[in-house]
2 protein chains.
Amino acid sequence: MAGPDGDHQNLALLCFYPHRAMEARLLATVAAEGFDDLTLAQARLAARIGPSGTRLTDLAEQALVTKQTAGHLVDQLQRAGYVRRVPDPTDARARLVQIAERGEQLVAVARRVEAEVEAEWTAHLGEEATAQLRAALTRLRELTDPYR
Amino acid sequence: MAGPDGDHQNLALLCFYPHRAMEARLLATVAAEGFDDLTLAQARLAARIGPSGTRLTDLAEQALVTKQTAGHLVDQLQRAGYVRRVPDPTDARARLVQIAERGEQLVAVARRVEAEVEAEWTAHLGEEATAQLRAALTRLRELTDPYR
DNA sequence: CCAGTTAGTCAGAAGATCTGACCATCGTCA
DNA sequence: TGACGATGGTCAGATCTTCTGACTAACTGG
């Protein structure tokens, strides 16, 4: 959409590289540790499931996909044993998507890798610069994340 | 892949929001200004075309897709008049993908929107914090962008 | 208890991406 | 200089992702 223009890279593009790097690293590592089904789209959706379960509609909204897409991906995740659907006790229409047993194992690996990668980044940038980076991005999120 | 954990959000996820916001804004604006064909995938690839043209293989590598996918997207972009393919004078196997007339118009709009959005972000964060953010992301790119 | 909203599904189509096979050209080294 | 592995690119086919539109069931406020 933009175009490479030497040193002054567009801020959004600069944001893209770390995200892509983390995503690729996570997916590769979990695949290497036995979770070799699991596509990127499934992982992106699964990453948004909260500790006590999340409604399909909420997942869809946060991931910026339609309910249909989210439902389709949850079907796959369920078939692979990563998540389960349980009735929402507060609303008979709704069901909560929860992390299942296999999903917990996956999350454990993912959290470990995330921590590793962040540690590498922190080592490269320094503690202080990393803290500033996190702070700036967190403030920026006020503008850029409609689902805070 | 990860999971929401309150305030201490994973750095990569924090990087994701601005990128997504920019991408959505760009796509919506160019669509509103008449470039209403153009899918996200096409735009992502087109954004990597250099001033004097770029080889298909390089586009694919930078966008982290296969040559086939890149070729498919370039076909579409070409049909829509955004790019053209010319022989690479230095290698008879290769062809350069170049921005065509309609593509130039698109790029102009995209650059304008990019500048607008960055200005909003700078206004929100302050000049100094924005400069620090850019610097940190640029250094991080040394680790996270294999195609620098 | 009706009307409008919300949660989710079904069906079908379009897009994006991949794997595998293939051809032409390039570069190199004997 | 000529054979051979590497590189740029395409074709074909399959799978995955995502969307639009239509629908059912359940909630909610008057």
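None of these values were measured; they are calculated from a predicted model. Below, read A as the first sequence line, B as the second, and so on, with proteins coming before strands; counting in each chain starts at 1. All heavy atoms count here, side chains included; hydrogens, waters and symmetry mates do not.
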Engineer: OP1 or OP2 of D:dG9 sitting under 4.0 Å from any side-chain N/O of B:Thr57?
Structural biologist: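 Checking D:dG9 against B:Thr57, a side-chain N or O does come within under 4.0 Å of OP1 or OP2.
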
Engineer: Among the candidates C:dT25, C:dC18, C:dG8, find the nucleotide nearest to the side-chain atoms of B:Thr69.
Structural biologist: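 Minimum distance to the B:Thr69 side chain belongs to C:dC18.
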
Engineer: Nearest whole Å is fine: how far is C:dT25 P from B:Leu56 CG?
Structural biologist: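 Rounded to the whole Å, the gap is 17 Å.
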
Engineer: Rounding to a whole Å, what distance do you find between B:Asp75:CG and C:dA14:P?
Structural biologist: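 Rounded to whole Å, this separation is 18 Å.
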
Engineer: If only side-chain N and O atoms count, and only distance matters, is there a donor-acceptor pair under 3.5 Å linking B:Arg48 with B:Gln62?
Structural biologist: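 No pair is found: no donor N or O on one side chain lies under 3.5 Å from an acceptor on the other.
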
Engineer: Figure out the CD/P separation between B:Gln76 and C:dA16, and round it to whole Å.
Structural biologist: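 Value for this atom pair: 5 Å.
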
Engineer: What is the distance from CG of A:Asp36 to C1' of C:dC18, rounded to the nearest Å?
Structural biologist: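 Atom-to-atom, A:Asp36 to C:dC18, this comes out as 16 Å.
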
Engineer: Look at the side chain of A:Gln68 and the base of C:dG12, then say whether one donor and one acceptor between them are separated by less than 3.5 Å.
Structural biologist: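 No.
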
Engineer: Under 4.0 Å between a side-chain N/O of A:Arg85 and OP1 or OP2 of C:dT9, yes or no?
Structural biologist: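 Checking C:dT9 against A:Arg85, a side-chain N or O does come within under 4.0 Å of OP1 or OP2.
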
Engineer: Judged by atom type as modelled, is there a donor-acceptor pair below 3.5 Å linking the side chain of B:Gln132 to the main-chain atoms of A:Gln132?
Structural biologist: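 Checked: no pair found.
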
Engineer: Could you give the CG-to-C1' distance, from A:Leu96 to D:dA26, as a whole number of Å?
Structural biologist: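 In whole Å, D:dA26 C1' and A:Leu96 CG are 15 Å from each other.
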
Engineer: For A:His72 and for A:Asp91, locate the closest nucleotide of DNA chain D by heavy-atom distance; then report the residue assigned to the nucleotide nearer the 5' terminus.
Structural biologist: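 Residue closer to the 5' terminus by nearest nucleotide: A:His72.
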
Engineer: At what distance, to the nearest 0.5 angstrom, does CZ of A:Arg95 lie from OG1 of A:Thr57?
Structural biologist: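 If I round to the nearest 0.5 Å, the distance is 12.0 Å.
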
Engineer: Report the distance from atom CG of A:Leu40 to atom P of D:dT17, rounded to the nearest whole Å.
Structural biologist: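 Value for this atom pair: 8 Å.
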
Engineer: Between A:Arg102 and A:Ala80, is there a donor-acceptor pair closer than 3.5 Å when you use the side chain of the first and the backbone of the second?
Structural biologist: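 Such a contact is found between A:Arg102 side chain and A:Ala80 backbone.
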
Engineer: Could you check how far CG of B:Leu27 sits from C1' of C:dG15, rounded to whole Å?
Structural biologist: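 So the two atoms are 14 Å apart, to the nearest Å.
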
Engineer: Where each residue is assigned the nucleotide of DNA chain C containing its nearest heavy atom, which of B:Arg93 and A:Ala94 is assigned the position nearer the 5′ end?
Structural biologist: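 Between the two, 5'-proximity favours A:Ala94.
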
Engineer: If I take atom CD in residue B:Gln42 and atom P in nucleotide C:dG15, what distance separates them, rounded to the nearest angstrom?
Structural biologist: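 That distance rounds to 9 Å.
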
Engineer: Under 4.0 Å from OP1 or OP2 of D:dT18: is there any side-chain N or O of A:Thr66 that close?
Structural biologist: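 Result: no.
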
Engineer: State the OG1-CD distance between B:Thr66 and B:Glu61, to the nearest 0.5 angstrom.
Structural biologist: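 Between atom OG1 of B:Thr66 and atom CD of B:Glu61 there are 12.5 Å.
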
Engineer: A:Leu73 has a side chain; which of D:dT17, D:dA26, D:dG9 sits nearest to it?
Structural biologist: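 Among the listed nucleotides, the one closest to the side chain of A:Leu73 is D:dT17.
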
